[in-house]
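Step one of this worksheet: look at the structure below.
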There are 2 protein chains.
Amino acid sequence: MSERFDTLAQHFRENGHKLTQPRQAILHALLVAPKPLSPAEIQEQGQVFYADLGLVTVYRTLELMEEMGVVRTVHLADGCHGYALATPGHTHHVVCERCHAVVEIFGCELGEFLQSVAERTGYQITGHWLEIAGICANCQQMEK
Amino acid sequence: MSERFDTLAQHFRENGHKLTQPRQAILHALLVAPKPLSPAEIQEQGQVFYADLGLVTVYRTLELMEEMGVVRTVHLADGCHGYALATPGHTHHVVCERCHAVVEIFGCELGEFLQSVAERTGYQITGHWLEIAGICANCQQMEK
DNA sequence: GCCTTAACTGAAAAGGTTTTTCAATACGAG
DNA sequence: CTCGTATTGAAAAACCTTTTCAGTTAAGGC
């Protein structure tokens, strides 16, 4: 099992929560996801690992994980909520508007910008989420 | 009537929309609001100006205004959506994790970053969406 | 100022998503 | 292995948002 999984599992134990099969399935789903998932998507993906995973359990587990600070809520542009693991080494995503292909962007060049935001607003910045929309090379071809 | 109201009214007319009493009430509510309002709050505030204002109309008017680019959707941390009049130009928001206060950030310094993303990925970038989470000055005080 | 008509409205119903309730089940400490 | 408690899924409730529909209103032409 991956190192990240173990780290997450430990969070559960340290906070006195059981690491049940449904919860493990949810962790797996989030770990392999290339993008933030809605609760319904997490259920769907999680059922690959644990067939009976219920949507209610997804909501409850996400709430728990949010309290522990291991997931981040992302407010997707279409109004639904998405959840992604709160990664220390963090990445951003570019999503194709046509085919929804996702590319990860490594390296975050927002540090300086965030610094200036903190100074201007007096806020203590705790996190940020950047989603970039575009049209991937393939779909650009097809349009012609 | 305020200058900003007239400007908004003109937007409606220019796009071939009627400026009905319910819509005027919604504009007034948004104009006097010190923060983004949820649809329900807009209805409540709007009823001060037009008692029969229905929630359905609030949704429809917001949709219309979003198309015209005169309101901005703010994704509040508690899951609800908020709406605020759009200030001209592209802005981002910083949302307080504790009290959900919102501050607008003027000026977007992501242009260069997005340029490099386009080059690295081959995507044609069409938009981006940045959400910054933090703790506002007030809530920082209270924690002590 | 009226008339006409297409846009607009609120109420009700439908469609989604999220939360609560509850009896049955699974975890993990001992 | 056993036991007590946390956790589970299903069903129902509670929301929030969208659609449908018949009646109303705004705004341009006379």
Side-chain angles (χ1 to χ4, degrees), chain A residues 5-6 8-29 36-68 71 73-83, chain B residues 1 5-6 8-29 36-68 71 73-83 100:
Chain A
F5 181 89
D6 293 340
L8 288 167
Q10 195 147 355
H11 268 281
F12 273 82
R13 295 209 186 83
E14 279 171 7
N15 286 276
H17 301 304
K18 294 181 181 174
L19 193 63
T20 59
Q21 289 192 51
R23 286 178 180 173
Q24 287 180 37
I26 291 167
L27 290 183
H28 279 130
L37 300 178
S38 68
E41 287 170 330
I42 292 173
Q43 179 187 27
E44 198 179 315
Q45 296 301 313
Q47 286 179 340
V48 174
F49 304 102
Y50 181 76
D52 283 347
L53 179 61
L55 188 54
V56 187
T57 300
V58 174
Y59 278 102
R60 283 188 285 227
T61 303
L62 287 172
E63 191 184 341
L64 215 58
M65 292 174 76
E66 226 170 351
E67 269 168 31
M68 297 189 292
V71 283
T73 312
V74 178
H75 300 271
L76 303 173
D78 67 353
C80 286
H81 294 180
Y83 292 85
Chain B
M1 206 58 59
F5 181 89
D6 293 339
L8 289 167
Q10 194 147 357
H11 269 282
F12 273 81
R13 295 209 186 83
E14 279 172 6
N15 287 274
H17 301 304
K18 294 181 181 175
L19 193 63
T20 59
Q21 290 191 51
R23 286 179 180 173
Q24 288 181 38
I26 291 167
L27 290 182
H28 279 129
L37 300 177
S38 68
E41 287 169 330
I42 293 173
Q43 180 187 27
E44 198 180 315
Q45 296 301 313
Q47 286 178 342
V48 174
F49 303 102
Y50 182 75
D52 284 346
L53 180 61
L55 187 54
V56 187
T57 299
V58 173
Y59 278 103
R60 284 190 283 227
T61 303
L62 286 172
E63 192 185 339
L64 214 58
M65 292 173 76
E66 226 169 353
E67 270 168 31
M68 298 190 291
V71 283
T73 311
V74 179
H75 300 267
L76 303 173
D78 66 353
C80 286
H81 292 181
Y83 292 85
H100 307 142

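Below, read A as the first sequence line, B as the second, and so on, with proteins coming before strands; counting in each chain starts at 1. Keep in mind that this is a model prediction, so the values were computed, not measured.
Counting non-hydrogen atoms under 4.0 angstrom, A:Y50 reaches the backbone sugars and phosphates but no base.
Separating the OH atom of B:Y59 from the P atom of D:dC16 is a distance of 7 Å, rounded to the nearest angstrom. Atom CZ in A:R13 sits roughly 18 Å away from atom P in D:dA6 (whole-Å rounding). A:N15 has its CG atom 21 Å from the P atom of D:dT5, to the nearest Å. Rounded to an integer number of Å, the gap from A:L53 CG to C:dA26 P is 15 Å.
Ranking D:dT25, D:dT8, D:dT18 by closeness to the B:K18 side chain, first place goes to D:dT25. With C:dT9, D:dT8, D:dT17 as the candidates, the nucleotide lying closest to the side chain of B:P22 is C:dT9.
Taking 4.0 angstrom as the limit, A:H17 places a side-chain polar atom (N or O) nearer than this to OP1 or OP2 of D:dT7. For B:Q21, a side-chain nitrogen or oxygen approaches OP1 or OP2 of D:dA26 to under 4.0 Å. At the phosphate of C:dA7, neither OP1 nor OP2 sits under 4.0 Å from any side-chain N or O atom of B:T20. Taking 4.0 angstrom as the limit, A:R23 places a side-chain polar atom (N or O) nearer than this to OP1 or OP2 of D:dT8.
The CG atom of A:D6 sits 12.0 Å away from atom NE2 of A:H11, with the distance rounded to the nearest 0.5 Å. Taking CD1 from A:I42 and OG1 from A:T61, the interatomic distance works out to 9.5 Å, rounded to the nearest 0.5 Å.
Between A:R60 and A:A40, the one whose closest nucleotide on DNA chain C sits nearer the 5' end is A:A40.
In this view, B:F49 and B:H28 satisfy the ring pair (Phe, Tyr, Trp, His ring centres under 6.0 Å) rule, not counting sequence neighbours.
Judged by distance alone, the side chain of A:R23 and the main-chain N or O of A:K18 form a donor-acceptor pair under 3.5 Å.
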